[in-house]
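Working notes, structure below.
Just so you know, residue 1 is the first one in the sequence shown, and it goes up from there.
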Amino acid sequence: MQAISKTNPMQPHNKGSFRRRRLVMLMLACFLSWAGVTLWNQVDKISERSQKLSAVKQKKAEAQQQNETLQREIARLNDPEYVEQKIRKELHYVKQGETLFYTPKPAQK
């Protein structure tokens, strides 16, 4: 008759097998820890870069708006009537025969 083995087939049969499994599990844990730390650092870098990107996009939009404003001003400066208005308003020029009146500004304390 055959002897029936009472050992569980799921358990390791000797100490060497147990040590190998423990070593593999330890190596796996170290690898997963390293991968987790690396992933965490990359997520931080990505969020930092996305914030910088949004700031640069905002600056670009502001620069484009300013560029459009300046382009409109350049187009208006090609009109002689606009140039005359600007000179009269800013430099207080008058045509021959006109009289320029200044109104006093209220004193500020």
Side-chain angles (χ1 to χ4, degrees):
M1 299 215 169
Q2 286 184 325
I4 298 176
S5 174
K6 292 186 178 183
T7 60
N8 191 348
M10 299 301 286
Q11 292 182 351
H13 295 293
N14 57 23
K15 289 183 180 183
S17 176
F18 178 73
R19 287 180 186 159
R20 280 192 299 273
R21 280 189 185 170
R22 188 170 50 178
L23 179 64
V24 168
M25 289 298 189
L26 181 64
M27 290 175 59
L28 182 63
C30 289
F31 174 76
L32 289 176
S33 298
W34 171 80
V37 169
T38 303
L39 180 66
W40 184 265
N41 288 338
Q42 289 178 357
V43 167
D44 286 343
K45 287 180 182 180
I46 288 172
S47 66
E48 180 183 326
R49 296 289 169 105
S50 66
Q51 289 174 355
K52 286 182 181 179
L53 180 63
S54 64
V56 168
K57 283 183 179 180
Q58 183 179 2
K59 284 183 181 180
K60 179 184 174 187
E62 291 171 2
Q64 285 177 339
Q65 180 68 30
Q66 184 180 10
N67 189 19
E68 290 173 3
T69 304
L70 292 174
Q71 291 295 331
R72 281 194 302 270
E73 182 69 19
I74 288 171
R76 291 177 75 187
L77 285 172
N78 290 327
D79 183 19
E81 291 179 16
Y82 177 74
V83 173
E84 183 181 342
Q85 281 180 344
K86 196 162 182 82
I87 288 173
R88 291 181 83 167
K89 183 178 180 181
E90 293 178 6
L91 301 176
H92 306 290
Y93 275 36
V94 292
K95 290 183 180 179
Q96 192 173 11
E98 289 182 342
T99 306
L100 182 64
F101 293 101
Y102 287 104
T103 56
K105 295 181 180 178
Q108 295 178 352
K109 291 184 180 182

Spatial distance of atom CD (Q64) from atom OG1 (T69) [nearest 0.5 Å]: 11.5 Å
L77 to V83 - nearest heavy-atom pair and separation: O-CG2, 3.1 Å
Under a 4.5 Å side-chain heavy-atom rule over Ile, Leu, Val, Met, Phe, Trp and Tyr, are L26 and V24 clustered together? no
Answer yes when E81 and R76 have at least one side-chain N-carboxylate O distance shorter than 4.0 Å, and no when they do not. no
Given side chains that start at C-beta, do those of E98 and R88 come closer than 4.5 Å, heavy atoms only? yes
If Ile, Leu, Val, Met, Phe, Trp and Tyr residues are connected whenever their side-chain heavy atoms lie under 4.5 Å apart, and connections chain through other members, are L28 and L23 in the same group? no
Can you name the side chain to side chain contact (heavy atoms under 4.5 Å, CB included) partners of Y93, sequence neighbours left out? I87, L91
Show, in sequence, the C-alpha distance, side-chain angles and deciding distance for E84 and K89, and conclude whether the side-chain contact (heavy atoms from CB on, under 4.5 Å) test is met. CA-CA 9 Å; E84 183 181 342; K89 183 178 180 181; over 6 Å; no
So how far is it from N67 CG to I74 CD1, rounded to the nearest 0.5 Å? 8.0 Å
Flag the pair E62 and K57 as a salt bridge only when some basic side-chain nitrogen lies within less than 4.0 angstrom of an acidic carboxylate oxygen. no
Does a side-chain heavy-atom distance below 4.5 Å link K60 with Q65? no
Taking the side chain as every heavy atom from C-beta outward, state whether S17 and R20 have any atom pair closer than 4.5 Å. yes
Going by the salt bridge (Lys or Arg N to Asp or Glu O under 4.0 Å) test, which pairs reach into residues 40-51, not counting sequence neighbours? E48-K52
